[in-house]
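Heads up: the structure comes next, in C-alpha cells.
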Amino acid sequence: MTKRAMLPGARRGTLELAGKSVKKHWQLYLLVIPPLLFFLIFKYVPMANAVLAFKDYNVIKGIWGSPWVGLKYFQMFFENPIFWTLVRNTLLLSFYQLLAGFPIPILLALMLNEIRNGRFKRFVQLVTFAPYFISTVVMVSIIMLFLAPRLGFVNIALQYFGFAPINFLGEPDMFRSIYVWSDIWQTAGYSAVIYLAALAGIDPTLYEAAKVDGASRFQKIWHVDLPGILPTITIILILNVGSIMSIGFEKIYLLQNSLNLPKSEVIATYVYSMGLLNANYSFATAVGLINSVINLMLLVAVNSFAKRISNNSIW
C-alpha cells in the first residue's frame, strides 16, 4: 500500500527533475531536434511503405489500395536461380572489406599516435584524410583511368617491365580486390580519426606508470593504447557487422560491367535493376526487406556476443 502511494509522487519528482533539466540545458535539447526529425521523417516514416513487399503494387490504386499477395515475392526471390549468387557475392565482398579494412585504421591511428614530430604527423594525417573528400563518381573515374587496358598508368608500368596489359575491370576475380583496397585507401584516414580521439582520452598517468615499469613502445601500445580504445573498437565492429549486407551501392554499380557481373552483382544492385529499371517495385521491396532483416539479426547477435565477452555493447 505504501509503495503504491509513493509511486505517483516519485513520478512527479522525476518529471520535475526532467523539466528543470530541459530548462537549464534547452540549447542542447534544441540541437538534438534536427537529427531526430531527420531520422523520423526519412527513416521511420518510410518504414510504413515496406508493406509494398506483401502487395501486388498497382500505380493507379496506390500502395494501400493494391491487393495483398502475402509472401509471393519473398518466395519468388528464394526460388530465383540467382539468389545464392547474390548472397554469396554480397557476403564475400562485405567480409573481405571488413577483414581487410577494419584493422588498418586502428594501426594507422596507433602509428600516428606514436609520431613525436608534430609537422610530420599533421602532414601524414592530411595525406591520409584528404581522399575521403573525393566523391564516389570521381573516385571510380580515377580507378578507371589508372586501370584502363591501354592507356592506364598501371598497364603502362606493366608494359614497361615487359608484362602484357591486363583488363583489370574486365576480370571478375579482380573486382573484389579493386573495390576493397580502393575503399581502404579512401576511408582509412577518416576512420583513424575516431581512434585518435579515443587515444587522446586515455589517462596520461597510465603512460607514466608504464614508463616507470620500463615498458617499451610496443608494450605501451599493447597494454595501454589497445585496452584504452577497446570499447570504441567494439562499438565500430558491431556497427560494421550490423551493416554487412548493405555494401555500398554507388561504387559497385559504377564499377560494374558485363564482364565482371558474375562477381559484382550484389543484392543492392539487383534491387536497383529490378525495382527502378524493371519497375517491379513489390519484388524489389521484398528483397530489400529481407536484406534489412538479415542486417538487424546480425546486429543483435553481434551486440549480444560482444556484451557477453567484453561488457561493451551498443545497448
Side-chain angles (χ1 to χ4, degrees), residues 14 17-18 20-22 24-32 35 94-133 180-244 295 298-315:
T14 304
L17 287 173
K20 289 179 181 178
S21 176
V22 172
K24 186 177 180 181
H25 306 290
W26 65 269
Q27 299 95 333
L28 298 177
Y29 286 96
L30 195 64
L31 288 173
V32 173
S94 297
F95 278 116
Y96 188 179
Q97 186 176 32
L98 182 65
L99 293 174
F102 185 73
I104 289 177
I106 300 172
L107 295 173
L108 179 60
L110 292 172
M111 289 188 290
L112 285 171
N113 192 55
E114 291 298 312
I115 297 175
R116 297 293 174 258
N117 187 320
R119 183 175 296 179
F120 179 69
K121 182 177 181 179
R122 288 191 294 271
F123 172 76
V124 174
Q125 281 185 281
L126 175 64
V127 170
T128 56
F129 190 81
Y132 180 77
F133 295 99
V180 170
W181 290 104
S182 61
D183 190 73
I184 291 170
W185 175 80
Q186 187 176 11
T187 61
Y190 174 79
S191 301
V193 172
I194 301 171
Y195 300 110
L196 283 170
L199 287 166
I202 296 175
D203 189 353
T205 58
L206 295 175
Y207 292 105
E208 294 173 6
K211 186 177 181 180
V212 170
D213 290 339
S216 63
R217 276 196 172 189
F218 178 77
Q219 289 173 325
K220 288 178 185 178
I221 292 171
W222 187 258
H223 295 289
V224 179
D225 290 341
L226 283 175
I229 64 173
L230 185 59
T232 305
I233 293 173
T234 305
I235 296 299
I236 293 176
L237 180 61
I238 292 170
L239 293 174
N240 285 347
V241 173
S243 59
I244 206 162
N295 276 334
L298 286 171
L299 179 64
V300 172
V302 174
N303 186 77
S304 301
F305 180 73
K307 189 174 183 180
R308 184 175 299 176
I309 65 171
S310 66
N311 292 324
N312 295 316
S313 61
I314 299 176
W315 65 82

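Position 1 is the first residue of the sequence, and the numbers go up from there.
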Quick check for you: to the nearest 0.5 Å, what is the distance between R122 atom CZ and N117 atom CG? 8.5 Å

Smallest separation among heavy atoms of L199 and A109, with atom names: CD1-O, 3.7 Å

Heavy atoms, side chains only, cut-off 4.5 Å: are I238 and F305 in contact? no

Can you measure from CG (N303) to CG (L298) and round to the nearest 0.5 angstrom? 12.0 Å

Sub-4.5 Å side-chain heavy-atom contact between W185 and I104: no

Does the side chain of L226 reach to within under 4.5 Å of the side chain of L110, using non-hydrogen atoms? yes

Rounded to the nearest 0.5 Å, what separation is found between the CG atom of N240 and the CD1 atom of I233? 12.0 Å

Apply side chain to side chain contact (heavy atoms under 4.5 Å, CB included) to the pair Q125 and L196, showing each step before the final yes or no. CA-CA 11 Å; Q125 281 185 281; L196 283 170; 3.4 Å; yes

Looking only at non-hydrogen atoms, find the nearest pair between P103 and A100 and report the distance. CD-O, 3.7 Å

Looking only at heavy atoms, the pair that brings V224 and A210 closest together is CG2-CB, 4.3 Å

Gap between atom CH2 of W181 and atom CD of Q186 - 0.5 Å precision: 15.0 Å

F129 and Y132 aromatic ring geometry - parallel, tilted or perpendicular at 30°/60° bounds: tilted

Quick one: CG on L99 to OG on S94, what's the gap to the nearest 0.5 Å? 10.5 Å

Just to verify, which of I236, L237, T232, L230 counts as forming a side chain to side chain contact (heavy atoms under 4.5 Å, CB included) with T234? L230

Please walk me through it: do Y195 and N113 pass side chain to side chain contact (heavy atoms under 4.5 Å, CB included)? CA-CA 10 Å; Y195 300 110; N113 192 55; over 6 Å; no

One should read off an interatomic distance between D183 CG and T187 OG1, to the nearest 0.5 angstrom, of 4.5 Å

Taking every non-hydrogen atom, the tightest pair across G242 and N295: O-CB, 3.1 Å

Would you mind reporting whether K211 and E208 have side-chain heavy atoms less than 4.5 Å apart? no

Nearest heavy-atom approach of A192 to P105 is CB-O, 3.6 Å

Without swapping roles, check the side chain of D213 against the backbone of A215 for a donor-acceptor pair under 3.5 Å. no

Counting neighbours of OH on Y190 that are heavy atoms of other residues, nucleotides or ligands and sit closer than 6.0 Å, is the number greater than 12? no

Out of K121, R217, K220, which residue meets the salt bridge (Lys or Arg N to Asp or Glu O under 4.0 Å) rule with E114? R217

